[in-house]
Amino acid sequence: MLDLKLVRAQSDLVRDSLIRRGEKTDILDALLEADARRRAILVEVEELKRRRNEASAQIARMKKSGEDATDIIAEMKSVGDAIRDLDDELSVVDGRIREALLAIPNIPHPSVPLGRDESDNIEVRRWKEPTQFAFEPKPHWDIGTELGIFDFERAAKITGARFVIYRGAGSNLARALINFMLDLHTRQHGYTEVFPPYLVNRDSMVGTGQLPKFAEDMFKCEGLEYYLIPTAEVPVTNMYRGEIIEAALLPIKHCAYTACFRAEAGASGRDTRGLIRQHQFDKVELVKFVHPDTSYDELESLVNNAERVLQVLDLPYRVTMMCTGDVGFSAAKKYDIEVWMPSYGRYVEISSCSNFESYQARRADIKFRPAGGGKAELVHTLNGSGLAVGRTIAALLENCQRPDGSVVIPEALRSYMGGLEVIERP
RNA sequence: GGAGAGAUGGCUGAGUGGUCAAAAGCGCUCGCCUCGAAAGCGAGUGGGCGGGUGACUGCCCCGUGAGUUCGAAUCUCACUCUCUCCGCCA
């Protein structure tokens, strides 16, 4: 969330941010009104509390010396009632303020281009050109099903639509990719691996910004305030919730493999075939906690780290910068990495890398102690996929397919697959 | 799942209705001492919100949330987490 002081002092900036994002601004007006009321109550109630504290000390003294304090106690009774009434109103107003703050998205960085939706995103760079085929390339769902490495039908039977069973070499491929990605990031990019819970509590979901606004996209446990994680970003970022980190420890860089669960509400009918949009998928996530001065450099290196996966796998991709209308709710700036997907005839998002600045850190209360001591300040948090495993498998099958339906395994993965070079039809 | 114990500042740990943001110790910072260091001695050491140019100052915070009271770290209730024992279990 944004700093209430900033919202108060520079409400025009926040209003402009909402407009550039294509959002309504009535929430801001409600916030400013509640804030004004809160400050008025505060002045009044603090004065009453000061009087009560003074009287309390006086009563204590009188009782100690055996004097009669009946009068002053009676007087304080009404003061107590007045305090209670004001405190009650204050908590209502505080609730409104918090609700509004949680619903206001981050302010886009000045470098983020103005735009309405994804069509206004900007291509930043491209690596290799789209794969050319001397034959008609097949979509990955056909390739994988014919190779016997995907089983969508049985997955639908045991669970439902938008689930898959990987089988044989397919299952090995998923495992190989996860290990390959984790090894790359831990051994070459300096990330420390963590393996967190897949279920998190409500505070964690609020901390990273999934709740309260995006509740319908999440799976929630029946009868429990636990949620299935939509991304490892949630548990990993919340590892440090409510903590103050020594400045010398920054930047903290974690990578994590987890399964991810998304209800995909509002996406019915989109990408219904194949691995692109599943309710459960696997992902290796990169998460950083950094000093505010360095967060934009750290964003660039985070994107590079994620790109490296595709480079080593030799898959064509491009990097795009999200415009104001498409940048994530909690993000100040976001790059997508899009892999070439022959069945779509276009690039498809395979990674999303964001700098949240202090937006998540304020929600989750993650601070650092500056070198040499002093007041704790909010860290900046960043994260990005490095990468989504299902979409990587899809891209790999489609880009590495051969006319006979077999698929060549990229060299970097072969040691993870017992030396297998080609997945062939049974 | 059952039984019990506990949650206080960076840490250990006192505090069971009233000048308690809270003893003491450790740690840390500064000073004295020293060639330097250790030891010793002295002083200082939590956070949030607000007011004041400033010295300074008001409110809140003792796991979380309600309640009792003129007044709650202290009493009541609910919840969360931790630890010990038993049971169960991958």
Side-chain angles (χ1 to χ4, degrees), chain A residues 1-10 31-32 34-102 195-207 211-212 220-227 235 238-250 258-259 358 361-379:
Chain A
M1 61 189 167
L2 299 177
D3 182 3
L4 180 57
K5 269 184 274 190
L6 176 118
V7 177
R8 186 187 299 142
Q10 301 187 56
L31 173 60
L32 292 171
D35 180 51
R37 179 61 193 145
R38 172 175 171 274
R39 282 147 67 79
I41 296 170
L42 231 37
V43 169
E44 202 176 338
V45 78
E46 283 194 4
E47 169 61 18
L48 288 173
K49 284 180 177 174
R50 187 186 61 75
R51 273 171 55 197
R52 182 177 69 182
N53 289 343
E54 281 173 4
S56 272
Q58 194 184 343
I59 291 167
R61 276 194 304 271
M62 291 170 84
K63 291 230 173 182
K64 212 165 228 173
S65 63
E67 290 177 67
D68 177 42
T70 314
D71 289 351
I72 188 162
I73 286 176
E75 186 193 335
M76 281 308 109
K77 209 174 172 72
S78 68
V79 171
D81 289 344
I83 288 173
R84 184 187 315 248
D85 289 346
L86 285 170
D87 272 344
D88 285 348
E89 190 188 346
L90 190 61
S91 74
V92 170
V93 172
D94 275 342
R96 273 209 290 271
I97 289 172
R98 180 163 175 78
E99 203 179 308
L101 275 178
L102 288 176
F195 193 31
Y198 291 3
L199 284 170
V200 298
N201 58 34
R202 183 183 171 84
D203 284 345
S204 292
M205 293 291 268
V206 172
L211 292 181
K220 181 173 182 294
C221 289
E222 178 80 36
L224 260 172
E225 201 64 32
Y226 286 170
Y227 297 81
N238 278 283
M239 279 170 61
Y240 300 95
R241 172 153 52 81
E243 296 192 17
I244 298 173
I245 301 165
E246 284 306 320
L249 297 174
L250 299 179
T258 69
S358 60
R362 187 171 291 104
R363 288 171 87 111
D365 187 27
I366 306 171
K367 295 180 175 174
F368 71 98
R369 181 82 58 198
K375 208 172 144 90
E377 297 173 43
L378 294 166
V379 300

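Residue numbers begin at 1 in each chain, while the letters A, B, ... track the order of the sequences.
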Review point. Near RNA chain B, which residues from residues 77-97 of chain A have a heavy atom under 4.0 Å away?
Key: A/K77, A/R84
Check your understanding: How long is the line joining CG of A/D3 and C1' of B/G48, in whole Å?
Key -> 13 Å
**Study point:** Residue among A/R51, A/R50, A/Q58 satisfying side-chain hydrogen bond (donor to acceptor under 3.5 Å, both in side chains) with A/E54
**Key:** A/R50
Review point. Can you list the stems that include RNA chain B, where a stem is three or more consecutive Watson-Crick or G-U pairs with distances under 3.5 Å?
Key: B:1-7 with B:80-86, B:10-12 with B:24-26, B:27-32 with B:40-45, B:46-51 with B:56-61, B:63-67 with B:75-79
Check your understanding: What integer number of Å spans the C1' atoms of B/C75 and B/C85?
Key -> 30 Å
Practice item. Take the protein atom CD1 of A/I73 and the nucleotide atom C1' of B/G18, then report the distance between them rounded to whole Å. Key: 11 Å
Revision key, fill the gap. Whole-Å distance, A/R39 CZ to B/C59 P, equals 19 Å
Check your understanding: Looking for any heavy atom pair under 4.0 Å, which part of the strands does A/R202 touch: base, sugar-phosphate only, or nothing?
Key -> nothing
Review point. Hey, is CD on A/E99 packed in by over 12 heavy atoms from elsewhere, all under 6.0 Å?
Key: no
Check your understanding: Side chain of A/R241, backbone of A/A364: donor and acceptor closer than 3.5 Å?
Key -> no
**Study point:** Closest-nucleotide 5' rank along RNA chain B - winner of A/L42 and A/I72
**Key:** A/L42
Review point. What integer number of Å spans the C1' atoms of B/G47 and B/C62?
Key: 12 Å
Revision key, fill the gap. Here the distance between atom C1' of B/G48 and atom CG of A/L4, to the nearest Å, is 13 Å
Practice item. Mind listing the residues from residues 46-69 of chain A sitting with a heavy atom below 4.0 Å of RNA chain B? Number order is fine. Key: A/E46, A/K49, A/R50, A/R52, A/N53, A/S56, A/I59, A/A60, A/R61, A/K63
Output a table of nitrogen or oxygen pairs between the protein and nucleotides 75-83 of chain B separated by less than 3.5 Å.
none

Exercise for review: State whether the number of non-hydrogen atoms from other residues, nucleotides or ligands found under 6.0 Å of A/E44 atom CD is greater than 12.
Suggested key: no
Exercise for review: Kindly say whether A/V206 contributes a backbone atom to a donor-acceptor pair with the side chain of A/R363 at under 3.5 angstrom?
Suggested key: yes
Review point. Applying side chain to side chain donor-acceptor pair (under 3.5 Å), which residue pairs with at least one partner in residues 74-86 of chain A are found, sequence neighbours left out?
Key: none
Exercise for review: Sequence neighbours left out, what passes salt bridge (charged side-chain N to carboxylate O under 4.0 Å, His left out) with A/K220? Give chain and number order.
Suggested key: A/E225
